[in-house]
Amino acid sequence: MQPLHHRLVSLLIDSLNNTQAAGDLPALDSPAAIALDRPKKPEWGNYSTPLALGLARSARLPPLEVASRLLKHLPPSELIAQATTSAPGFINLTLNPAWVAAQVEAILAAGPGFADFDLGGGAKAMVEFVSANPTGPLSVGRGRGGVIGDTVANLLAAAGYDVTREYYFNNAGKQMRDLAESLRLRYAQALGQEVEFPESYYQGEYLTDLGRRLASERGDSLAAAEWTAFKEIAESAMFDSIKGTLSRLRIYMDVFFNENSLYDDGSVWDVVRELRERGHAYDSEGAVWFKATAFGGTEDRVIVKSTGEPTYRLPDIAYHRNKLGRGFALVVDVLGADHKDAFPDVLRGVQALGLDPSGIQMLMNQFVTLKGEKMSTRAGRFTLLDELIDEVGADVVRFFMLMRSAESHLEFDLDLAKEQSEKNPVYYVQYAHTRIAGILRKAQAAGHTADGGDVSRLTHPGEQALIRKILELPDVIELALKDLAPHHLPYYAQELATIFHGFYRDCQVLPSENQPVDPATTKARLKLVSAAKIGLARALGLMGVSAPEMM
RNA sequence: GCCCCUGUAGCUCAAUGGACAGAGUGACGGUCUUCUAAACCGCAGGUUGCAGGUUCGAGUCCUGCCAGGGGCACCA
């Protein structure tokens with residue numbers, strides 16, 4: 001179902017063209033975008049636009065005059081019941097209640113695919129997220145990027161993209177060597193040896209546990225083993241842990257991309273060679289520099305150290321070229337605040353290779369605090385994502401991680417999250433869904449069906465408001481994608497739940513002893529609540545939150 | 001010192017440059033022999049960090065300050 005505002009904007013564009021063609025407005029440059037708001041006051045209709053306010057100056061006419069001329073040429077439409085102007089120059093559109101009511105059938109026909117629409121045209125899109133190196137279990141902070149990335153992937157799929165979820169990691173380098181040596185020492189300790197454990201090593205308890213397990217399972221057979229043996233054991237254990245945690249949050253990656261493969265296939269060094277050939281890399285002080293300043297950077301960057309080793313920037317550039325080379329029209333990098341400043345250099349690198357970086361977008365998320373405590377993996381003073389899931393469950397973790405805009409700091413309110421009551425917004429939304437499920441169960445038991453229900457009876461303000469709200473979901477999806485702002489989803493879900501609860505209060509569906517309901521009304525309302533159930537379930541599903549039948 | 005993000009009700013946060021800045025939570029007061037009260041209704045709460053500017057219109061854009069977070073490596 002196409003976002004509703006597409007259809008309304010298209011009417012306004014027609015109106016603008018018609019008005020100009022009729023000579024009622026001079027020829028003007030069409031505005032780049034036509035804003036459409038949902039006004040607060042009922043007398044301003046369901047949608048309004050400041051279009052005329054923007055045109056007034058170049059048309060040399062009062063805004064209100066522009067608005068009424070536009071209205072005169074607004075093409076007739078089944079969507080619109082009334083179009084008015086209001087000071088200082090707004091155009092207000094009221095949806096046609098008959099059209100609104102009829103959409104219930106369309107929602108029911110769409111079923112679980114309701115709110116899907118074609119924006120991507122089947123183009124390949126990738127969301128790269130989590131991307132933690134396998135040096136430890138996932139922290140709470142990683143959970144935010146994980147949930148955000150997975151939800152953006154869901155949104156892209158709903159909007160007609162062919163989506164790949166990708167996890168980028170590096171299992172070489174100093175980090176992994178430190179991890180291996182840390183494990184070796186923990187293993188030695190578990191065997192009863194007195195060893196000094198350097199502060200720079202990984203302090204986390206998970207390695208102590210793993211060391212003990214090794215000691216009990218393998219005895220001292222690893223005492224003389226190479227560090228690479230410990231690396232393999234640790235890496236495998238850490239990936240098991242990471243994948244396990246992600247699956248508890250219903251996150252499943254399509255691709256685990258190893259940075260090493262970019263060395264194995266030579267593409268890292270190809271980048272250096274090509275940058276040199278294009279004149280965008282040069283040697284200085286024994287290192288190879290990327291001329292980032294030629295692409296708007298504030299300073300040039302070392303890509304190969306004087307030791308001959310690449311810096312992190314080089315494989316990053318090679319990786320992003322690789323992404324584009326795999327045919328992804330859209331690439332979303334979900335990054336933590338600590339990596340966002342490196343992103344522009346990656347784009348410049350890709351551009352320097354002669355590629356178009358415009359399809360690569362960044363979704364930065366700020367850190368998560370839990371009870372005000374800062375988290376640091378290396379110091380081992382962090383709260384594990386697994387512990388948080390144990391505490392509040394996957395639904396609450398997902399919903400809370402999505403609730404704040406990504407660039408805003410997220411203070412995870414554990415007390416509220418643990419609250420299994422009306423205070424918790426997750427349950428508030430889920431409860432609306434179970435209320436509907438309850439009505440449908442009861443209807444079935446009592447022999448009420450929606451068969452032959454006439455949705456044109458759905459004219460009550462509570463009914464109309466509910467339908468209009470359900471119809472907003474495609475618009476919310478599009479907005480969330482345009483701004484890469486998945487937090488619009490939990491807000492929408494809460495609004496939809498609120499409006500449903502209001503409907504529930506005002507509009508009895510099934511007859512009861514003290515509340516008789518016309519059988520035809522029951523049938524029509526059964527259709528409506530089924531449509532509301534579809535909308536709620538879809539909104540929850542996009543967030544990866546379950547939609548329970550009973551609570 | 002420079003760059004990026006954030007600063008909005010007591011608290012946690014929304015608000016594509018549009019109309020009188022909204023929710024939740026907390027406080028207070030109501031509504032259950034219910035289509036499940038995990039709900040609903042009412043009431044209270046604001047100089048949108050500060051100072052300028054841009055325009056028909058600024059929480060939103062620009063400049064300068066202040067505060068918090070993140071970065072500014074031949075670390076990732």
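Computed from a prediction, not measured in an experiment: that's the story for all the values here. Just so it is clear: chains get the letters A, B, ... in the order the sequence lines come, proteins before strands, and each one is counted from 1.
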For a quick check, with a 4.0 angstrom heavy-atom cut-off, what is the B/S/- contact string for nucleotides 71-76 of chain B, read 5' to 3'?
SS-BSB
Taking pairing as Watson-Crick or G-U wobble with both contacts under 3.5 Å, can you name the mate of B:U60, or confirm there isn't one?
none
Partner nucleotide, any strand, of B:C40 [Watson-Crick/G-U, under 3.5 Å]
B:G30
Pairwise P distance for B:C4 and B:C62, with rounding to whole Å
10 Å
Is there any protein nitrogen or oxygen under 3.5 Å from a nitrogen or oxygen in nucleotides 8-12 of chain B, and what are the pairs?
from: B:U12; atom 1: O2'; to: A:R404; atom 2: NH2; distance (Å): 2.8

Compute whether any side-chain donor of one residue and acceptor of the other, for A:Y312 and A:N170, lie under 3.5 angstrom apart.
no
According to the Watson-Crick and G-U wobble definitions, with both distances under 3.5 Å, which nucleotide is paired to B:G1?
B:C72
Using the salt bridge (charged side-chain N to carboxylate O under 4.0 Å, His left out) criterion, which residues pair with A:E513? Sequence neighbours excluded.
none
Looking at A:Y428, does any N or O in its side chain come under 4.0 Å of the phosphate oxygens OP1/OP2 on B:C40?
yes
Checking only heavy atoms, does the side chain of A:S86 share a donor-acceptor pair with the base of B:A19 at less than 3.5 Å?
yes
Which label fits B:C4, syn or anti, where anti is any glycosidic angle not within 90° of 0?
anti
What residues 478-491 of chain A contributes to the RNA chain B interface at heavy-atom separation below 4.0 Å is A:K482, A:H487, A:H488, A:Y491
Looking only at side-chain N and O atoms, does A:S408 come under 4.0 Å of OP1 or OP2 in B:G69?
no
Assign each of A:H501 and A:P39 the nucleotide of RNA chain B bearing its closest heavy atom; nearer the 5' end lies the nucleotide of A:P39
Strand-adjacent residues in residues 469-477 of chain A, judged by heavy atoms under 4.0 Å from RNA chain B:
none
For B:C41 and A:R505 - does any side-chain N or O of the residue sit under 4.0 Å from the phosphate oxygens OP1/OP2?
yes
Please give the nucleotide sitting opposite B:C11 as a Watson-Crick or G-U wobble pair, both distances under 3.5 Å, or none.
B:G24
Phosphate OP1/OP2 of B:G69 contacted by A:Q366 side-chain N/O (<4.0 Å)
no
Residues two or more places apart in sequence or in another chain: which of them pass side chain to side chain donor-acceptor pair (under 3.5 Å) with A:Q361?
none
With sugar-phosphate meaning primed atoms plus P, OP1 and OP2, does A:S48 contact a base, only sugar-phosphate, or nothing at under 4.0 Å between heavy atoms?
base
Taking only the side-chain nitrogens and oxygens of A:T498, find out if one of them lies under 4.0 Å from OP1 or OP2 of B:A23.
no
